[in-house]
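Following: one structure in structure tokens, then a few remarks.
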Amino acid sequence: MRLSSLLALFRPALPLILGLSLGCSLSLLTVTWTQGDTDEPCGDGLVNGGLFAGNQGHNTKGGNRAGGGNEDFQPHIVPYYRDPNKLHKKVFRTRYIHTELGIRERLLVGILTSRATLTTLAVSVNRTVAHHFHKTFFFTGVRSPKIPHGMQVVAHGDDRPVWLMYETVRYLHQHFGGDYDWFYLAQDDTYTQAERLSQLVSHLSAGQDLYLGRAEEFIGGDERARYCHGGYGYLLSRSLLARLQPHLDTCRNDILSVRPDEWLGRCIIDSLGLSCVEVHQEMQYRYFELGKNADPEREDSAAFKNAFTVHPVSDPTLMYRLHKRFSQIELERTNLQIQQLQVQISNLSSLTPEGKAGATWPIGINSPFKPKTRFEVINWEYFTEEHIYSCIDGAPKCELRGADRADVTDVVETAVERLNEHYQPVLRFRKQRLLNGYRRFDPTRGMEYTLDLALEAFTQKGHSQVIAKRVGLLRPLSSIEIIPMPYVTEATRVQVILPVTAHEQDYVGNFLDMYVMNALDTHDNVLLTFLFIYEPFDAQRVSQNDVFAGIKSMIGEVEKRYADVKILWISVKTEVPSQVKLMDIISKKHPVDTLFFLASVWTEVNTDFLNRCRMNAISNWQVFFPIHFQEYSPAIVYRDQQPSVASSSAAESLKDGHFDRHVFEEACFYNADYMAARTKMAADILDNDEMLESMDVYEIFVRYSSLHVFRAVEPALVQKYVRRTCNPRFSEDIYHRCVLSNLEGLASRSHLAMALFEQEQANST
């Protein structure tokens with residue numbers, strides 16, 4: 001009885017006792033035992049004779065470790081040593097990552113043309129297929145007096161066909177041998193289906209010697225040797241071109257031929273032992289020989305539809321007709337593939353957790369965006385055929401114009417067309433009018449439309465009836481296109497230009513404080529130049545009473561604080577401080593490669609915007625006009641709050657305000673671009689000061705420059721509320737924009753409505 005009660009007492013602790021006993025027993029098996037005070041460890045069967053047999057070196061200097069000779073498990077620390085007497089070269093990184101990784105473009109296209117056909121057939125080739133390839137060159141013997149626009153023409157100086165081929169192959173290897181994997185050569189009377197050729201090249205390995213095209217027999221030569229016919233184009237691999245380069249001079253001197261393609265084929269065969277092939281790794285080079293007086297619209301054979309190249313093309317009109325025909329063929333194939341994929345998606349959707357309901361319309365397009373909060377709900381815009389009820393300026397109703405009208409017209413016509421395709425021949429529809437229209441832009445799928453149409457339906461027997469039908473349409477987002485842009489860097493020096501008038505000098509102190517904190521303290525690569533604008537009366541009294549003396553003293557204090565900083569200023573006397581006149585003065589005093597940031601006294605300079613200024617202003621390519629964020633009047637927005645509470649955090653700086661689209665004072669551009677636009681403008685103004693006063697820098701770039709004028713909102717440019725002084729001597733457009741900026745910058749509609757409501761409540765009591 002006593003034993004059973006004792007066992008019952010220890011029963012909950014039995015697993016713990018057994019675990020401790022087993023752990024101690026196993027640990028004793030791996031302990032290295034030592035005897036007495038000797039440093040020699042006893043032999044361990046696991047170490048010396050078991051798992052690590054052969055590594056029996058022992059540590060004779062200390063008994064703190066066993067198996068010290070086991071080098072596989074000992075760390076080897078290699079100390080870094082740099083010889084101070086040896087010069088070390090600086091490592092330069094490449095500009096682009098694909099250069100460092102050795103990534104090459106797949107295909108370069110070379111078109112062999114002549115002086116007679118450069119402005120005819122070569123132009124048609126350039127307009128139809130050249131834009132589908134990464135780079136296309138037109139090689140000719142003698143350059144034409146007038147080179148067509150947008151074509152890269154290389155003239156070798158000799159019209160002999162064989163010499164032209166020799167110089168072309170040598171030019172390709174010398175200039176692009178290491179940049180491209182494949183080289184495609186064709187004549188200018190060859191039509192090339194660019195997408196199919198690019199797809200063929202993408203499945204070929206560039207590491208092998210390949211000479212691919214339409215194989216032709218040599219006249220009177222070996223029956224097994226073939227050369228590629230130049231009229232149907234041919235592909236040369238990069239490795240073949242590299243091996244052929246040393247033999248070109250020998251081939252030019254030893255091989256006699258009239259045809260350039262035959263000469264090249266003989267050179268490749270004699271030098272490298274390679275013959276032209278039409279099939280490689282089960283991939284066939286398809287071509288089609290166009291008959292005389294053939295009509296591309298009537299060609300319906302499989303050989304024509306699947307061809308990579310078509311030859312001969314006698315005139316540019318035929319080239320354009322071939323391009324139209326092949327574009328239609330590709331469009332039909334693409335639509336068929338889309339239908340097949342939609343059927344597959346619809347069949348597989350039943351296996352998904354959502355079932356058939358998971359396949360949203362249209363099949364294959366992303367499902368509609370599902371907002372998580374009420375703030376993410378996408379608003380629908382209501383429209384009719386004449387008006388839209390969601391306007392940019394906030395008005396409740398405005399007239400449909402321009403692109404919006406064209407968009408609505410196209411959508412309505414498409415809806416009626418698709419309805420006729422679906423219901424014919426049973427019913428035929430004709431639009432009466434648009435009852436209601438709704439649209440919204442879904443960033444995950446595209447522009448969605450819902451239309452209520454009044455349609456007149458006709459039956460096969462001629463009966464008709466007016467019905468109302470609701471249809472839904474989607475204009476999906478197309479594939480994203482990466483626009484190539486010139487290389488820019490954030491290390492470019494920015495020259496800040498600050499025009500100041502006597503009425504604006506009270507705001508200069510805040511500008512200087514922000515400039516010192518965000519540019520000088522951070523050692524940013526920025527320079528500052530003040531442009532003091534004196535009125536004629538103030539300019540006469542500048543020696544007795546300088547209106548800008550306070551600003552100049554502040555500049556002196558900054559220069560004393562930062563010994564290596566020099567802030568320049570320029571004095572100008574004018575009654576109308578036209579932006580163009582001021583920039584003419586600044587432009588002459590700076591180099592042509594200067595990057596200007598034209599600022600205002602209310603601008604708060606910061607690093608984020610300066611970097612975007614450097615990245616968005618591209619010399620000879622693009623100018624940048626940011627839209628700053630203007631805060632509303634605190635007297636209206638924060639009527640019951642202290643100003644410190646209203647601006648307590650930087651995260652709320654974009655909360656109560658708006659992006660001022662009416663102000664064009666801030667701008668980033670290069671001096672060379674401004675000088676080029678100003679030169680084009682000089683012929684129109686002829687020293688007409690009134691015209692200079694009626695224009696600003698933005699209008700100059702829009703009217704007299706071919707550069708991209710990039711106008712975008714800039715959240716890093718935040719300005720406090722200020723009521724600007726609008727100069728009536730400026731042009732009507734500039735004065736009107738200034739007035740609108742003051743009116744819209746006062747407060748939002750809700751704030752103004754609340755202020756009026758409170759005022760009426762106060763007056764009523």
Side-chain angles (χ1 to χ4, degrees), residues 375-379 381 388 390-396 398 402-404 440-441 443 496 498 504 507 510-511 514 518 579 597-617 622-638 643 646-647 649-669 696-699 701-702 708-726 733-755:
F375 301 103
E376 297 178 355
V377 175
I378 303 175
N379 296 327
E381 297 179 351
I388 186 170
S390 177
C391 308
I392 297 178
D393 57 358
C398 54
D404 288 329
R440 72 172 184 177
F441 178 74
V496 181
L498 182 64
E504 301 170 346
Y507 306 98
N510 181 68
F511 177 90
M514 300 302 298
N518 296 327
Q579 205 178 38
F597 168 40
L598 189 58
S600 66
V601 292
W602 303 285
T603 303
E604 296 182 358
V605 179
N606 57 76
T607 304
D608 291 340
F609 170 72
L610 291 176
N611 287 334
R612 275 194 283 271
C613 178
R614 296 182 179 102
M615 301 301 290
N616 292 329
Q622 179 173 281
V623 294
F624 179 44
F625 286 83
I627 304 175
H628 68 258
F629 186 85
Q630 181 73 47
E631 295 182 353
Y632 289 139
S633 173
I636 299 179
V637 177
Y638 311 113
S647 58
S649 63
E652 298 180 354
S653 59
L654 300 182
K655 181 179 179 181
D656 295 314
H658 75 298
F659 287 99
D660 197 344
R661 299 178 294 106
H662 302 291
V663 177
F664 295 83
E665 292 180 352
E666 291 96 354
C668 294
F669 53 88
D696 52 13
V697 176
Y698 175 80
E699 190 174 358
F701 280 112
V702 171
H708 297 273
V709 180
F710 184 36
R711 176 83 166 151
V713 296
E714 179 51 64
L717 280 183
V718 181
Q719 293 188 10
K720 304 296 182 183
Y721 171 76
V722 63
R723 184 171 181 84
R724 303 173 185 270
T725 302
C726 301
D733 182 47
I734 297 177
Y735 180 79
H736 181 65
R737 292 204 307 257
C738 179
V739 173
L740 287 178
S741 176
N742 285 333
L743 294 176
E744 295 183 3
L746 189 61
S748 65
R749 292 175 181 266
S750 60
H751 289 135
L752 293 174
M754 184 60 67

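These numbers come from a predicted model, not from an experiment.
When all heavy atoms of Ala599 and Phe511 are compared, the pair lying nearest together is CB-CE1, 4.4 Å. Heavy-atom minimum distance, Arg737 versus Asp696: NH2-OD2, 2.7 Å. Gln719 and Arg724 get closest at one heavy-atom pair: OE1-NH2, 3.0 Å. When all heavy atoms of Phe597 and Cys668 are compared, the pair lying nearest together is CD1-SG, 3.8 Å. Here the shortest heavy-atom pairing between His662 and Leu740 reads CE1-CD1, 3.8 Å. Glu714 approaches Pro626 most closely through the heavy-atom pair CB-CB, 3.7 Å.
Classification of Asp608 and Arg612 as a salt-bridged pair fails, no side-chain N sitting under 4.0 Å from a carboxylate O.
The backbone N or O of Val605 lies less than 3.5 Å from a partner atom in the side chain of Asn518, making a donor-acceptor pair. One N or O on the side chain of Gln579 and one on the backbone of Val697 form a donor-acceptor pair closer than 3.5 Å. When atom types are taken as modelled, the side chain of Asn606 and the backbone of Ala716 share a donor-acceptor pair closer than 3.5 angstrom.
Between Phe669 and Phe625, the ring planes are parallel. Angles under 30° get that label, and only those over 60° would be called perpendicular.
Atoms CG and CD1, on Leu746 and Ile636 in that order, are 3.5 Å from each other to the nearest 0.5 Å. Annotation: the span from Ser741 atom OG to His736 atom NE2 amounts to 11.5 Å, rounded to 0.5 Å. Interatomic distance, Asp656 CG to Tyr632 OH, rounded to the nearest 0.5 Å: 8.5 Å. The SG atom of Cys726 sits 6.0 Å away from the OH atom of Tyr735 when rounded to the nearest 0.5 Å.
By the ring pair (Phe, Tyr, Trp, His ring centres under 6.0 Å) test, Phe664 pairs with Tyr698, sequence neighbours left out. For Phe710, the ring pair (Phe, Tyr, Trp, His ring centres under 6.0 Å) partners two or more places apart in sequence, or in a different chain, are Phe624.
Within a 6.0 Å sphere centred on CE of Met754, other residues, nucleotides and ligands contribute 12 heavy atoms or fewer.
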Item to complete: Output, in order, the C-alpha distance, side-chain angles, deciding distance and verdict of side chain to side chain contact (heavy atoms under 4.5 Å, CB included) for Glu665 and Trp602.
Response: CA-CA 10 Å; Glu665 292 180 352; Trp602 303 285; 4.1 Å; yes
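Using a 4.5 Å heavy-atom cutoff, the side chains of His628 and Thr603 are not in contact.
Between the side chains of Glu744 and His658, not a single donor N or O lies within less than 3.5 Å of an accepting N or O.
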